[in-house]
Amino acid sequence: MPELAEVRYFSQRWRPGLCKRITRIHIHAGKRVFRGTQTAGLSRSLVGQLLGKIQTHGKQMMFRFGEDRWLGVHLGMTGRLSAKSAAHLPSKHDHLILYTSRHALVFEDPRLFGRIRFDRSPQPPPWWSTLPPDLFSRDFSARRLKQILQKRSRTPLKPLLLLQDFFPGIGNWMADEILWQAGLDPRLRAGSVLHPHAFRLHRTIRKVARQALATIGKNWSDPPRSWLFPHRWSDGGRCPRCRKPLIRRPVGGRTTCWCPACQKATLPRRTR
DNA sequence: CATCATGTTATAAT
DNA sequence: CATTATAACATGAT
């Protein structure tokens with residue numbers, strides 16, 4: 001479920017804990033979500049600390065405690081964050097709960113593809129500080145996009161957009177939405193997307209990301225009805241632009257929805 | 001019972 | 001070596 005906007009939304013579920021002290025924690029140590037992280041001292045490291053800062057970057061979340069303790073959270077496919085009352089009792093898939101005097105900050109993930117990390121260091125840990133440019137940064141430029149399209153020229157657009165090293169936060173529904181709005185067939189090879197389509201793709205990535213954050217990311221409200229988003233899952237869905245039936249098939253191993261009439265499968269060569 | 005799932009990554013193949 | 005394709009991960013919903 002969680003992509004850029006959903007991750008932002010869930011990160012804000014823990015806001016009731018901001019500037020609050022952790023009184024105790026509950027963990028399912030040994031679960032897959034803690035792979036690569038030492039859980040033995042986690043309670044000692046967090047209890048007594050204040051939650052000082054909440055950040056997101058693409059699908060990654062970072063919670064700072066005190067001055068030098070960093071809790072990284074990735075929601076995987078089925079992870080969620082929520083704030084319950086302090087009386088909340090752990091249920092089956094609550095793999096991490098941070099209790100304050102008033103709340104229980106819950107991380108749940110039935111499918112266990114998510115991940116919790118913990119580091120103690122004056123600066124944020126390397127995995128956080130080496131993340132690629134986010135979709136709104138100056139560095140995520142049309143020039144950079146064109147370089148990516150050339151570097152991965154044989155990769156179809158759909159699986160390309162899912163690569164987090166290049167497009168942090170884009171997931172399955174966002175990729176479909178972007179390609180539909182940009183009028184590009186998801187099976188197109190990246191190398192065939194040249195000016196002006198590359199420039200248009202860049203603009204569309206930012207537009208979809210911005211509006212997703214303003215709706216889903218803010219309060220889980222629906223994106224516009226004019227988007228592909230509300231039509232892409234139901235069988236018999238029709239393109240909101242031309243009303244023709246949508247196609248739903250795997251591309252690059254993932255279920256993909258597109259409009260065969262609106263999304264171009266071949267592009268004209270650059271004119272000059 | 002079979003199929004599918006809004007993610008990532010190890011491994012194989014090119 | 002760099003890029004691309006596929007399988008696997010673990011569980012629940014349909």
Side-chain angles (χ1 to χ4, degrees), chain A residues 1-11 28-37 56-61 72-81 91-96 107-117 127-128 130-132 135 147-181 186-193 205 208-209 211-213 215-217 220-223 227-237 246-258:
Chain A
M1 176 196 287
E3 306 181 19
L4 180 80
E6 293 88 349
V7 168
R8 174 68 58 78
Y9 174 81
F10 282 127
S11 77
H28 288 165
K31 285 291 186 182
R32 185 181 145 85
V33 291
F34 292 106
R35 59 194 178 280
T37 291
T56 68
H57 182 116
K59 297 176 189 174
Q60 304 284 348
M61 291 184 279
V73 179
H74 191 291
L75 296 173
M77 194 85 94
T78 52
R80 314 167 49 150
L81 299 187
S91 41
K92 185 178 176 189
H93 303 301
D94 295 352
H95 306 305
L96 176 66
F107 165 80
E108 58 183 304
D109 182 11
R111 215 167 149 189
L112 298 170
F113 290 174
R115 187 166 181 187
I116 302 282
R117 317 191 203 215
W127 68 263
W128 176 262
T130 60
L131 289 169
L135 302 180
Q147 288 169 348
I148 294 167
L149 291 168
Q150 286 316 303
K151 187 175 174 66
R152 299 302 181 102
S153 61
R154 303 275 303 156
T155 304
L157 288 177
K158 174 62 186 280
L160 179 74
L161 285 175
L162 296 178
L163 295 176
Q164 300 300 296
D165 288 346
F166 300 129
F167 307 102
I170 293 183
N172 209 23
W173 80 254
M174 277 185 81
D176 285 359
E177 186 68 45
I178 288 163
L179 293 172
W180 178 78
Q181 290 196 22
R187 299 164 299 182
L188 267 178
R189 306 277 164 169
S192 65
V193 180
I205 288 170
V208 169
Q211 184 122 28
L213 285 175
T215 53
I216 296 171
W220 208 263
S221 56
D222 292 332
W227 279 25
L228 179 66
F229 182 83
H231 311 279
R232 63 187 289 277
W233 279 129
S234 49
D235 286 335
L246 295 165
I247 290 181
R248 209 159 67 234
R249 306 215 315 244
V251 176
R254 305 294 301 279
T255 299
T256 300
C257 179
W258 75 96

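Source: prediction; values computed, not measured. Every heavy atom of this structure was used, including side-chain atoms; hydrogens, water molecules and symmetry mates were not. Throughout, protein chains are lettered first and strands after them, A, B, ... in sequence-line order, and every chain is numbered starting at 1.
Straight-line distance from the CD atom of A:Glu6 to the C1' atom of B:dT6: 6 Å, rounded to whole Å. Regarding A:Asp109, its CG atom lies at a distance of 12 Å from the P atom of B:dT8, rounded to whole Å. At whole-Å resolution of the value, CD in A:Glu3 and C1' in B:dT8 are 14 Å apart. Computed from coordinates, the A:Gln150 CD to C:dA2 P distance equals 19 Å when rounded to whole Å. A straight line from CH2 of A:Trp173 to C1' of B:dA5 spans 17 Å, rounded to a whole angstrom. Spacing between atom CG of A:Leu112 and atom P of B:dA5 amounts to 20 Å, rounded to whole angstrom units. Between A:Arg32 atom CZ and C:dG12 atom C1' there is a gap of 16 Å when expressed in whole angstrom units. Between the CG atom of A:Leu75 and the C1' atom of B:dA5 there is a distance of 16 Å, rounded to whole Å.
A distance of about 22 Å separates the P atoms of C:dA13 and B:dT8, rounded to the whole Å. When the P atom is used for both B:dT3 and C:dA7, the distance is 15 Å, rounded to whole Å.
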Q | Chi angles and distances behind the side chain to side chain contact (heavy atoms under 4.5 Å, CB included) call for A:His231, A:Trp180 | A | CA-CA 12 Å; A:His231 311 279; A:Trp180 178 78; over 6 Å; no
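Of the candidate nucleotides B:dG7, B:dA5, C:dT4, B:dG7 has the atom nearest to the side chain of A:Asn172. Among C:dT4, B:dA5, B:dT8, the nucleotide with an atom closest to any side-chain atom of A:Thr155 is C:dT4.
Within 6.0 Å of CZ in A:Arg154 there are 12 or fewer heavy atoms belonging to other residues, nucleotides or ligands.
A sub-4.0 Å separation between OP1 or OP2 of C:dA10 and a side-chain N or O of A:Thr78 is absent. For the pair A:Lys31 and C:dA10, the criterion of a side-chain N or O lying under 4.0 Å from OP1 or OP2 is not met. Regarding contacts with the backbone of B:dT6, a side-chain N or O of A:Arg254 is found under 4.0 angstrom from either OP1 or OP2. One finds no side-chain N or O of A:His93 lying less than 4.0 angstrom from the OP1 or OP2 phosphate oxygen of C:dA10. Residue A:Gln164 has no polar side-chain atom (N or O) positioned under 4.0 Å from OP1 or OP2 of B:dG7. Side-chain N/O atoms of A:Lys59 include one lying less than 4.0 angstrom from OP1 or OP2 on B:dG7. Note on A:Lys92: a side-chain N or O is less than 4.0 Å away from OP1 or OP2 of C:dG12. When the side-chain nitrogen and oxygen atoms of A:Arg152 are compared with OP1 and OP2 of C:dT4, one or more of them lie within a distance under 4.0 Å.
Taken from CD in A:Glu3 to CG in A:Leu162, the straight-line distance is 8.0 Å, to the nearest 0.5 Å. Here the straight-line distance linking atom CH2 of A:Trp258 with atom CG of A:Leu157 works out to 12.0 Å at 0.5 Å rounding. To the nearest 0.5 Å, the span separating CZ on A:Arg115 from CG on A:Asp109 amounts to 13.0 Å.
Side-chain atoms of A:His74 do not come within 3.5 Å of backbone N or O of A:Val33 as any donor-acceptor pair. A distance-only check finds no donor-acceptor pair linking the side chain of A:Glu108 to the backbone of A:Arg80 [under 3.5 Å]. At distances below 3.5 Å, at least one donor-acceptor pair connects side-chain atoms of A:Arg35 with backbone N or O atoms of A:Arg32. Of the possible donor and acceptor atoms, none in the side chain of A:Lys158 sits under 3.5 Å from a partner among the backbone N and O of A:Leu188.
In this pair, A:Phe113 lays its aromatic ring flat on the base of C:dC9, centres within 5.5 Å and planes under 30 degrees apart.
No contact: A:Thr256 has no heavy atom under 4.0 Å from any strand. Within the 4.0 angstrom heavy-atom criterion, no nucleotide atom of any strand lies near A:Gly253.
Remark on DNA chain B: of its neighbouring residues A:Arg115 and A:Trp233, the 5'-side contact belongs to A:Trp233, judged by nearest-heavy-atom nucleotide.
Taking a pair as Watson-Crick or G-U wobble with both distances under 3.5 Å, the runs of three or more consecutive pairs in DNA chain B are B:2-5 with C:11-14, B:7-14 with C:2-9.
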